[in-house]
Amino acid sequence: MSDFPKPDQLLSNIDRTPPRTDWMDTPVNIRKGMYCYAANPKSVEYTHLPFPHQWNPTEEDWHLPENWKEILHEGFKVRLERFRSFKIFMDICVRCGACADKCHFFIGTGDPKNMPVLRAELLRSVYRNDFTLAGKLLGRVAGARPMTMDVLKELWYYFFQCTECRRCSVFCPYGIDTAEITMMARELFNLIGLNIDWIATPVANCYRTGNHLGIQPHAFKDMLDFFVDDIEEITGIRVEPNFNKKGADILFITPSGDVFADPGTYTCMGYLLLFHYLKEVYGLDVTWSTYASEGGNFGSFTSHEMMKRLNSKMYAEAKRLGVKWILGGECGHMWRVINQYMGTMNGPADFLEDPVSPITGTLFENARSTKMVHISEFTADLIKHGKLNLDPSRNDNLILTFHDSCNPSRGMGMLDEPRYVIQNVANHFYEMPPNTIREQTFCCGSGSGLNAGEDMELRMAGGLPRANAVKYVHEKHGVNMLATICAIDRAALPTLMDYWVPGVGVTGVTEMVANALILPGEGERTTNLRGEPLPGMEDE
Amino acid sequence: MNVKYMYSLLAVIVLFLLAYLGVEAAGLRMLFGIVIPYVAVGVFLLGVIYRVMGWARSAVPFQIPSTCGQQKSLPWIKPNKIDNPFTPGAVVVRMFLEVCCFRSLFRNTRNAIKEGKLIFEWEIWLWVAALAFHYAFLTVIIRHMRLFTNPVPVCIQMVEKLDSFFRFEILTNTMQVGLPGFYLSGLILLAAVTFLLLRRMMIPQVRYISQAADYFPLFLIFGIAFTGILMRYFTKVDIVAAKELAMGLVSFHPAIPARAIGGVFYVHLFFVCTLLAYFPFSKLMHMGGIFLSPTRNLPGNSRAVRHVNPWNYPVEVHTYEEYEEEFREKMIEAGLPVEKE
């Protein structure tokens, strides 16, 4: 971090003037701080992914298989047949430029190859060369170029500078979705073993132990037990979570990041408190699973196949335990997978029951097929029916704003449920400007497996638009807490806030719920879940 | 000087010379008036069908709409029925607004960093120009149907009436604008094409992403509109002879009219033929592609109704049994339930 630019330095480095040379003649410069390290071959090997090997992005030779061009060409062809989206998006872009300044990485770097249109053109140029008549006949005049080592390096660099946030697709008149193109590009890299470690190793961990962090079952239980102790200290109540319990009503799955790192841990404590309350007051029996102890799915940043392989655990575990349906925690891309892929990939979940809240009797009709409900939908329904005993004033020291995470907003449309929950558990809430929330929300800059340490400059640049909007409400309304429903956000945004908007913390929505929730028989709380004094208790 | 638009401009100039000299100097009226139009229409029709079939052959494995509004979830939360459509009917509404009103483009904004702050502005002009361009072009095409129909259907006459609603006349020896009526669509088309061209050349980012394939159709359409306006208000082409040629083509009794129509007409026709033949192999296919775009034409109800993937093959998974096998002892020790003691 020593040579890392200061915020005002990073800001003044942003220059949107395109280079003098045409983009095809501007070679890629794989720059420190802007890329993630190559995957550990052992991780690639563990999941039987193609061509595990040692390589380094900054070295000349990437040690590719001899026929790598053929592999990529064949892989491209297969994907054009399997995904209409891919074929259409390769064909119909008119380069109107509406997407150009919608990307957080373009805003934060000014690099023209971070304009969604040009990012896609990097791959389209190869598509034209290999698969279109005009490209074959006219070559470069038709915007075509053959795949070479330099082109491959450029593709790799820039498709790992896209967080698959889909903001550009909202503005595209044809709905061209760069996330889809990035997913295909990364599948192609995967075919020749060009994975990044921050994705490949979590994938291998998740495959083996059930979660990205590689926490083994006994340790997973230990970590939750640790939270149980903390909760007892704060509330005087000892909660008793179930693990791998057969015959429980509901299986709960959340990203493992919340078990591991602050401030996600407080959200995790929030879940434990909420489920304890529901058990005590309404007899609801929720179980955690150590086998399916990961909601997030870094497989989805690898390939559709790997996404399916990891996601399969959710239904398999629900079936084994014989639960009625599944409840999902706060996570971004996890919910893109559950909402748009899970039912198709690993369903039908006909062994589960229609998702009905046993407490309110509400049938979650929108989840009738996948049988998986989001914790914010579930909690909003409980609050609406007056089933939670809440004291929002316990969050009075917080002035909140809500960051819509990319996937729940643009890959699902969950916008009002978390807002409803927040507004019922806290008294001070302000929205960020309309261009930066809901379906137009800006990415944290670290999504899609890019939340590593070595690409910190990229992350801080990509997070600039989000941070800028937070700064606006921080200065205008004194906002000091950024609420989200995404574990990557909870992991990435604290660093981003410290860098751009010091003084703003990050929280999960369920942490706010748990702070406000009055448990039956609890002692007087003097601190919140973080051990910070509650409003009015500062002197105690 | 940008080589990409020079190529395109040069190509259109060459096309102009080919047609003009081909007719005026070499007398190739049969070629430019009959053979090329038939070939062009044939290439257009077969090409478009081929391309659309090509897309249709590719599978739609997953339901991946870009959701641009509140989902339908709890009954008391108001869903955004259009931008996050739950039913096929709502998808039709979304697609209609997308195709006919360019709804997504309407959202366009522009931003800049000023004094460390990201400032947004509404950017409406691309939407205005795009809409003007497409509707003016459509009106021009509908108007031209009068040349291919006899008697001219009432609906086409209506479009003509509307199009020439604003009356104004400039009558001199060289120029007779306004008689027999001034068509707004031609002027709007020319203005919109000019705007789109200038935008592409002037805005640094847009210039940087532009290909020759972006300039060529704009220059070509500029040429079409320009020669059209030239014939109508300035050189005064023999419209009766033009219609005779057109009727011959559509009735499959093609013949070159005895009365000469003039070189500019053949240039105009050749430009149109080029556009038709070029269409299926170019970005102009966005006209067909938008209808098949999976982020727009699918409902956001994938949790309620299961979407089926035609190639959903079985994958290698790590089963619970394998997991327990590896960790059984540790699980027992930690008091976690196991299947096999």
Side-chain angles (χ1 to χ4, degrees), chain A residues 11 18 81-82 84-85 87-88 91-92 94-95 97-98 100-101 112 117-118 133-134 141-143 166 169-175 177 207 216-218 221 243-244 291 305 308-309 312 320 339-341 343-344 347-348 366-370 377 381 410 412-416 435 439 465 468, chain B residues 7 55 58-60 62-64 66-74 77 84 102 104-105 107-109 111 116 118 120 204-206 208-214 281 283 285-286 289-290 292-296 300 302-307 309 311 315 317-318 320 323 327 330-331 334 336-337:
Chain A
L11 254 180
E81 286 158 11
R82 281 192 187 158
R84 185 181 297 167
S85 52
K87 196 164 186 186
I88 296 248
D91 277 330
I92 64 170
V94 300
R95 290 168 293 278
D101 62 355
V117 48
L118 200 45
L133 186 64
V141 178
R166 309 185 103 197
S169 89
V170 169
F171 295 90
C172 176
Y174 318 120
D177 180 9
Y207 194 65
Q216 299 188 3
H218 56 294
K221 183 172 178 291
F243 294 96
N244 304 352
Y291 168 67
E305 186 174 310
K308 181 177 170 179
R309 290 170 68 189
S312 70
R320 186 181 76 87
N339 188 48
Q340 299 198 323
Y341 296 96
T344 300
N366 61 326
R368 206 166 196 158
S369 167
T370 55
E377 294 169 338
D381 177 62
R410 289 181 286 260
M412 190 176 180
M414 198 170 73
L415 309 171
D416 288 330
N435 288 310
E439 75 277 4
N468 217 270
Chain B
Y7 272 141
W55 290 330
S58 291
V60 183
F62 303 108
Q63 203 163 323
I64 51 159
S66 308
T67 57
C68 301
Q70 171 61 39
Q71 67 167 349
K72 173 180 161 15
S73 65
L74 297 162
I77 291 178
N84 195 346
F102 305 176
S104 291
L105 198 56
R107 291 194 185 97
N108 199 17
T109 52
N111 63 59
L118 190 62
F120 292 87
Q205 276 83 28
V206 187
Y208 199 65
I209 58 173
S210 293
Q211 297 285 352
D214 299 312
F281 309 100
K283 69 166 192 176
M285 279 304 292
H286 67 265
I290 170 78
L292 293 176
S293 178
T295 57
R296 290 290 184 272
S302 39
R303 267 200 294 160
V305 182
R306 181 168 179 256
H307 179 86
N309 172 2
W311 50 262
V315 295
V317 296
H318 192 67
Y320 176 79
Y323 169 85
F327 298 115
K330 289 171 177 169
M331 290 173 78
L336 291 167

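Protein chains get the first letters and strands the later ones, always in sequence-line order, with residue 1 at the start of each. Computed from a predicted structure; not experimentally measured.
With chain B as the partner, the residue from A:R84, A:Q216, A:R410, A:K221 showing the most heavy-atom pairs under 4.5 Å is A:R84. Among A:A98, A:G97, A:G143, the residue with the largest count of heavy-atom pairs under 4.5 Å with chain B is A:A98. Ranked by heavy-atom pairs under 4.5 Å with chain B, the list A:P217, A:S85, A:A100 is led by A:P217. No other option in A:P173, A:C172, A:P18 has as many heavy-atom pairs under 4.5 Å with chain B as A:P18. Of all the listed residues (B:K72, B:M331, B:H307, B:M285), the one sharing the greatest number of non-hydrogen pairs under 4.5 Å with chain A is B:H307. Per-residue counts of heavy-atom pairs under 4.5 Å with chain B were compared for A:E81, A:K87, A:E439, A:R82; the largest is that of A:R82. Considering only heavy-atom pairs separated by less than 4.5 Å from chain B, the leading option among A:D381, A:N244, A:I92 is A:I92. Top candidate by heavy-atom pairs under 4.5 Å with chain A, chosen from B:D214, B:L292, B:N309, is B:D214. For the set B:G289, B:A334, B:A59, the count of heavy-atom pairs under 4.5 angstrom toward chain A peaks at B:A59. With chain A as partner, the option from B:P204, B:C68, B:A213 having the largest number of non-hydrogen pairs under 4.5 angstrom is B:C68.
B:R107 forms no cation-pi arrangement with A:F171, by the criterion of a distance under 6.0 Å to the ring centre and an angle within 45° of the ring axis.
Listed for the A:R309 side chain is no donor-acceptor partner under 3.5 Å among the backbone atoms of B:V317. The main-chain N or O of A:V94 is found under 3.5 Å from a side-chain atom of B:K283 such that the two form a donor-acceptor pair. Looking only at distances, no side-chain donor or acceptor of A:H218 sits under 3.5 Å from a matching main-chain atom of B:F327. No side-chain donor-acceptor contact under 3.5 Å links A:R368 to the backbone of B:A304.
Both the backbone and the side chain of B:L118 come within less than 4.5 Å of a heavy atom of chain A. Heavy atoms of B:V305 lying under 4.5 Å from chain A belong exclusively to its backbone. With a threshold of 4.5 angstrom between heavy atoms, B:N84 approaches chain A through side-chain atoms but not through N, CA, C or O. At a 4.5 Å heavy-atom cutoff, the contact between A:S169 and chain B is made by backbone and side-chain atoms alike. Proximity to chain A is limited to the side chain of B:W311, based on heavy atoms less than 4.5 angstrom apart. Proximity to chain B (any heavy atom under 4.5 Å) is restricted, for A:L11, to the side chain, taken from C-beta onward. In this structure, chain B has a heavy atom under 4.5 Å from the side chain of A:P112, while its backbone stays farther away.
Applying the ring-ring contact (aromatic ring centres under 6.0 Å, His included) criterion to B:Y7, with sequence neighbours excluded, gives no partner residue. For B:F281, the ring-ring contact (aromatic ring centres under 6.0 Å, His included) test picks out no residue, with sequence neighbours left out.
Scanning both residues, A:Y174 and B:T295, for their nearest heavy atoms gives O-OG1, 4.2 Å. The two residues A:D416 and B:Q70 come nearest to each other via the heavy atoms N-OE1, 2.7 Å.
One side chain, A:N366 or A:E377, offers a donor N or O that lies under 3.5 Å from an acceptor on the other. When only modelled atom types and interatomic distance are considered, B:S104 and B:R296 share a side-chain donor-acceptor pair under 3.5 Å.
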